[in-house]
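Keep in mind that this is a model prediction, so the values were computed, not measured.
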Amino acid sequence: MVRGRTGALLGVVAVGFAVGLAVGGAVVVDRTARSPLLSDQPQAPIVAVPAVVQRTASFAVGLRAAQSTALEAVVSAGGVLTSLEVDVQSPVKDGSLFASVDNKPVFAMIAPVPPIGDLRLGDTGPAVGALQGWLTGLGFEAPTSSTFDRATAAAVTKWQASHPGLTADGVFRAADVVWVGKAEPTVATVLVPPGARVEPGTSILRFEPTTSRIGVTEPADLPAGTYQLQVGAASVKYVAGGKQIVDASDAAAVALALYPGTEGAGRLVAPTAEEVLSVPASAVVTDPTGATCVFPDATGAAVKVTPVGGGLGTVELAGDVELVTVLVNPAAVRTDLACG
């Protein structure tokens with residue numbers, strides 16, 4: 001048996017522990033008594049220098065893909081559908097051979113708007129602009145004036161000359177192409193088999209529905225600006241306040257990342273990093289009024305701050321706050337924790 005004051009104390013503790021276990025299995029601790037493990041000396045102020053770090057702001061957003069109605073391929077030529085050069089469940093490439101009518105080739109056209117008839121010198125409007133963009137995309141450079149000028153006619157002639165069976169005279173004929181939409185489509189169903197007779201305006205096949213747009217649910221505190229919307233392997237530009245993505249290729253990329261579902265989440269990432277101050281989480285105080293602040297030392301006045309992020313045991317503060325030092329343990333060394 002251990003004798004002396006220490007032994008008596010250990011005996012009392014042992015008896016108390018045994019009694020506590022006998023009463024319902026609970027241990028009652030007198031919280032008014034100071035733990036013998038704690039020092040009687042008051043804690044000293046701990047002051048640190050905030051770290052300046054680079055932070056890239058990001059925000060979570062909700063995403064929902066909206067499907068368009070199924071588009072049908074309509075020919076502008078009349079005659080016998082000699083051949084159909086596309087397969088079900090296969091994509092249709094822009095400018096590729098699509099079909100032939102009376103043995104004359106018809107090519108796929110991906111453009112913002114369909115052709116509205118033949119186009120020639122002097123014509124103007126969106127259809128001409130779409131043609132010019134289409135020719136340039138295929139490697140036959142044309143102006144972007146939306147006016148069918150001589151340079152446009154020259155580009156049309158080069159395109160026609162590159163395909164035997166077309167008349168290379170610089171007049172764009174709607175019968176030489178079939179509009180397949182604004183983005184590369186996938187064939188769903190053949191409506192007219194080869195060998196059948198078609199008239200101008202006949203739908204010869206139907207495409208799979210495409211994603212017309214992506215709805216974006218923004219957080220209420222999203223700052224204005226341009227971001228990169230990231231979801232899975234997709235990364236597209238997004239302007240705050242837009243609430244949707246309507247660009248065909250961007251919408252398709254996001255829809256593919258959401259597949260097989262049509263809803264999900266992504267992140268808006270700021271294009272550039274910003275400097276912020278990183279301080280220990282224990283240094284940040286929220287007073288009863290809801291104000292947030294830190295203290296430079298044990299006696300200095302509170303400095304109001306705005307947390308903008310954080311990590312394990314740290315809080316990031318907006319970089320515009322003037323703060324040379326920060327008190328790490330304000331709750332232990334200050335009696336006044338009001339943020340002012």
For the hydrophobic clusters of this structure (ILVMFWY residues joined by side-chain heavy atoms under 4.5 Å, transitively), does one cluster hold both [X] and [Y]?
X    : Y    : result
V171 : V177 : no
V279 : V303 : yes
V88  : V92  : yes
I110 : L205 : yes
V86  : V180 : yes

Which pair of non-hydrogen atoms, one from [X] and one from [Y], has the smallest distance, and what is that distance?
X    : Y    : answer
A77  : A175 : CB-CB, 3.9 Å
A234 : A253 : CB-O, 3.6 Å
L327 : A283 : O-CB, 3.2 Å
A291 : K304 : CB-CE, 4.5 Å
Q160 : A168 : OE1-CA, 3.3 Å
A155 : E141 : CB-O, 3.6 Å

Handout entry: side-chain contact (heavy atoms from CB on, under 4.5 Å) involving K243 - partner list, sequence neighbours excluded
Key = E218

Exercise for the section: Report the residues that fulfil side-chain contact (heavy atoms from CB on, under 4.5 Å) with T226, sequence neighbours left out, ordered by chain and then residue number. Expected result: V239

Kindly indicate whether the side chain of [X], heavy atoms from C-beta on, has any atom under 4.5 Å from the side chain of [Y].
X    : Y    : answer
V216 : Q244 : no
D176 : T167 : no
W179 : V74  : no
L63  : L229 : yes
S282 : V328 : yes
D94  : E184 : no
C293 : V285 : yes
F172 : T152 : no

Could you give the distance from [atom1] ([X]) to [atom2] ([Y]), rounded to the nearest 0.5 Å?
X    : Y    : atom1 : atom2 : answer
Q54  : E275 : CD    : CD    : 5.0 Å
T136 : L131 : OG1   : CG    : 9.0 Å
D250 : I214 : CG    : CD1   : 10.0 Å

Within the supplied structure, the quantity of interest is the number of heavy atoms (other residues, nucleotides, ligands) at a distance under 6.0 Å from [X] [atom1]; does it exceed 12?
X    : atom1 : value
Q67  : CD    : yes
L337 : CG    : yes
E322 : CD    : no
R173 : CZ    : yes

Practice task
Ignoring hydrogens and angles, tell me if any N or O in the side chain of S162 forms a donor-acceptor pair with the backbone of W159 under 3.5 Å.
Solution key: yes

Handout entry: Check: A174 main-chain N/O paired with D118 side-chain donor or acceptor under 3.5 Å
Key = yes

Practice task
Anything under 30° is parallel, anything over 60° is perpendicular, the rest tilted; go ahead and classify F107 against H163.
Solution key: tilted

Practice task
Would you please classify the geometry between the F98 ring and the F207 ring as parallel, tilted or perpendicular, with 30° and 60° separating the classes?
Solution key: perpendicular

Exercise for the section: Go through the side-chain N and O atoms of T147 and D149 and say whether any donor and acceptor fall under 3.5 Å apart. Expected result: no

